[in-house]
Amino acid sequence: MIRSKMNREIREQITKLAEPEYQEFSSKLLPGVSNILGVRLPNLRKIAKQIAKEDWRTYLKEASDASYEEIMLQGMVIGYINTNLDELIPYIIEFVPKIDNWSVCDSFCSSLKITKNDPERMWELLKTYLTDSREYFIRFGVVMLLNYFISEKYVKEALLALDSITSSAYYVQMGIAWAISMYYVKLPSQTMPYLENNHLDDFTYNKALQKITESLKVDQYTKSEIRSMKR
């Protein structure tokens, strides 16, 4: 239900930008996701930046969840808001349950650059998601780790958090594999001991190794070594 003039106008704006061919393309990448209109992400970002400069509080209060794009837009707006993390956290908490696919999840995470201003506060929040049982709650936490917490300070605690996740949900497993590969590429000496001794299921572990060997930043000798560790 679109409850305000602002949201009606936003819906009309988005609908005009929809492309049938892009809708078909997006639907193939997001199986099971309904209500995809087919709007390219750069167009949504332009709209989000504009909303973030205006009455974003009213927008987020009344925003429509009628389409994939409208949910994506809410996440982008939250990321573009010029405020402090304390004000933003309630909006993050309210938005996460709306995530039902990897695209909205990962785009939302990449937009939350405010994390860099107060990583310790965000880290405390992420602990609640990393220990949740819901697929996209966990993936949100995992993707936030690989976006903002690959550092000497957080590597030990982050790998421990990833190792403690027991979910067999596909997009959680793929997120963990992606995160571990990124930790290895950027912090190989700290991550190798973890690869040699962990509690990952075989699928996630082998996917992490595969993603490491696909990296252009890893030399051929190391790739051979990593391949030999496959379970």
Side-chain angles (χ1 to χ4, degrees), residues 26-36 41 44 65 67-79 85 88-116 119 121-151 154-155 157-186 191 194 198-212 214-215:
S26 298
S27 296
K28 288 174 182 173
L29 290 177
L30 299 163
V33 180
S34 58
N35 299 322
I36 298 174
L41 295 191
L44 289 176
D65 299 338
S67 67
Y68 157 79
E69 281 83 357
E70 283 163 300
I71 293 172
M72 176 73 83
L73 185 64
Q74 291 171 48
M76 290 177 173
V77 169
I78 292 167
L85 191 54
L88 208 61
I89 280 175
Y91 292 98
I92 294 171
I93 291 169
E94 193 172 341
F95 181 75
V96 171
K98 299 184 182 188
I99 300 172
D100 67 354
N101 62 81
W102 64 264
S103 181
V104 168
C105 179
D106 298 4
S107 175
F108 182 50
C109 292
S110 68
S111 77
L112 290 173
K113 293 182 173 57
I114 193 172
T115 301
K116 296 172 185 175
R121 179 79 177 85
M122 182 62 87
W123 180 263
E124 289 305 309
L125 176 66
L126 294 179
K127 287 177 183 177
T128 64
Y129 293 101
L130 292 163
T131 54
D132 203 283
S133 60
R134 288 163 285 188
E135 182 171 15
Y136 288 103
F137 280 56
I138 306 171
R139 185 174 172 103
F140 168 70
V142 170
V143 177
M144 285 295 288
L145 290 192
L146 70 89
N147 270 289
Y148 305 106
F149 294 93
I150 301 182
S151 66
Y154 289 102
V155 58
E157 198 174 351
L159 291 175
L160 189 63
L162 293 171
D163 202 53
S164 300
I165 297 168
T166 57
S167 172
S168 59
Y170 177 77
Y171 287 106
V172 171
Q173 292 177 318
M174 292 300 286
I176 293 170
W178 178 23
I180 289 167
S181 72
M182 293 287 286
Y183 273 94
Y184 180 83
V185 168
K186 294 184 180 179
T191 310
Y194 171 73
N198 59 74
H199 298 94
L200 296 172
D201 61 88
D202 290 351
F203 174 81
T204 306
Y205 173 78
N206 288 333
K207 275 290 174 188
L209 299 187
Q210 179 188 327
K211 288 180 178 294
I212 292 168
E214 288 170 354
S215 172

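In this chain, residues are counted from 1 in sequence order. Quantities reported herein were computed from a predicted structural model and do not represent experimental measurements.
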If every non-hydrogen atom of [X] is compared with every non-hydrogen atom of [Y], which pair is closest and at what distance?
X: I71; Y: F95; result: O-CE1, 3.2 Å
X: L130; Y: G141; result: CD2-C, 3.5 Å
X: G175; Y: L146; result: O-CD2, 4.3 Å
X: T191; Y: Y183; result: OG1-O, 3.1 Å
X: S111; Y: G75; result: OG-O, 3.5 Å
X: A208; Y: A177; result: N-CB, 3.5 Å

Which atom pairs, donor and acceptor, lie under 3.5 Å between side-chain atoms of residues 96-104 and protein residues at least two apart or in another chain?
residue	atom	partner	partner atom	Å
K98	NZ	D65	OD1	3.2
K98	NZ	Q74	OE1	2.7
N101	OD1	S103	N	3.1
N101	OD1	V104	N	2.9
W102	NE1	L29	O	3.3
S103	OG	Y68	OH	2.8

Give me the ring orientation class for F140 and Y129: parallel if the planes are under 30° apart, tilted from 30 to 60°, perpendicular past 60°.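 F140 and Y129: perpendicular rings.
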
Going by the salt bridge (charged side-chain N to carboxylate O under 4.0 Å, His left out) test, which pairs reach into residues 121-134, not counting sequence neighbours?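 For residues 121-134: D86-R121, E124-K127, K127-E157, D132-R134.
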
Any pair with a residue in residues 173-183 that passes salt bridge (charged side-chain N to carboxylate O under 4.0 Å, His left out), sequence neighbours left out, goes on the list, sorted by first then second residue, please.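 Pairs touching residues 173-183 that pass the test: none.
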
Going by side-chain hydrogen bond (donor to acceptor under 3.5 Å, both in side chains), name the residues that satisfy it together with [X], two or more places apart in sequence or in a different chain.
X: S27; answer: Q23
X: K211; answer: none
X: T204; answer: D201
X: S67; answer: E70

Quick check for you: to the nearest 0.5 Å, what is the distance between I176 atom CD1 and L159 atom CG?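 Answer for the CD1-CG pair, I176 versus L159, is 11.5 Å.
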
How long is the span from the CZ atom in R139 to the CD atom in Q173, to the nearest 0.5 Å?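 With rounding to 0.5 Å, CZ (R139) is 11.5 Å from CD (Q173).
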
Going by the rule side chain to side chain contact (heavy atoms under 4.5 Å, CB included), which residues pair with [X] if we only count those two or more places apart in sequence or in a different chain?
X: Y170; value: M174, F203
X: M122; value: L85, I92, T115, L125, L126, M144, F149
X: Q210; value: K207, E214
X: S110; value: N147

Taking C-beta and beyond as the side chain, do [X] and [Y] meet within less than 4.5 Å on heavy atoms?
X: I36; Y: L30; result: yes
X: L209; Y: Y205; result: yes
X: Y154; Y: L145; result: no

Given 3.5 Å as the limit, does a donor-acceptor pair link the side chain of E69 with the main chain of L44, or not?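 Judged by distance alone, no pair lies under 3.5 Å.
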
Using only atom types and a distance under 3.5 Å, with no angle test, would you say the side chain of S215 pairs donor to acceptor with the backbone of I212?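 Such a contact is absent between S215 side chain and I212 backbone.
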
For T128 and F137, run side-chain contact (heavy atoms from CB on, under 4.5 Å): C-alpha distance rounded to whole Å, both residues' side-chain angles, the deciding distance at 0.1 Å, then the answer. CA-CA 9 Å; T128 64; F137 280 56; over 6 Å; no

Compile the donor-acceptor pairs under 3.5 Å between side chains in residues 162-169 and protein atoms, sequence neighbours left out, one pair per line.
residue	atom	partner	partner atom	Å
D163	OD1	Y194	OH	2.8
D163	OD1	H199	N	2.8
D163	OD2	H199	N	3.4
D163	OD2	H199	ND1	2.7
S164	OG	L160	O	2.8
S167	OG	A169	N	3.1

V143 vs W178, side-chain contact (heavy atoms from CB on, under 4.5 Å): CA-CA, chis, key distance, verdict: CA-CA 9 Å; V143 177; W178 178 23; 4.1 Å; yes

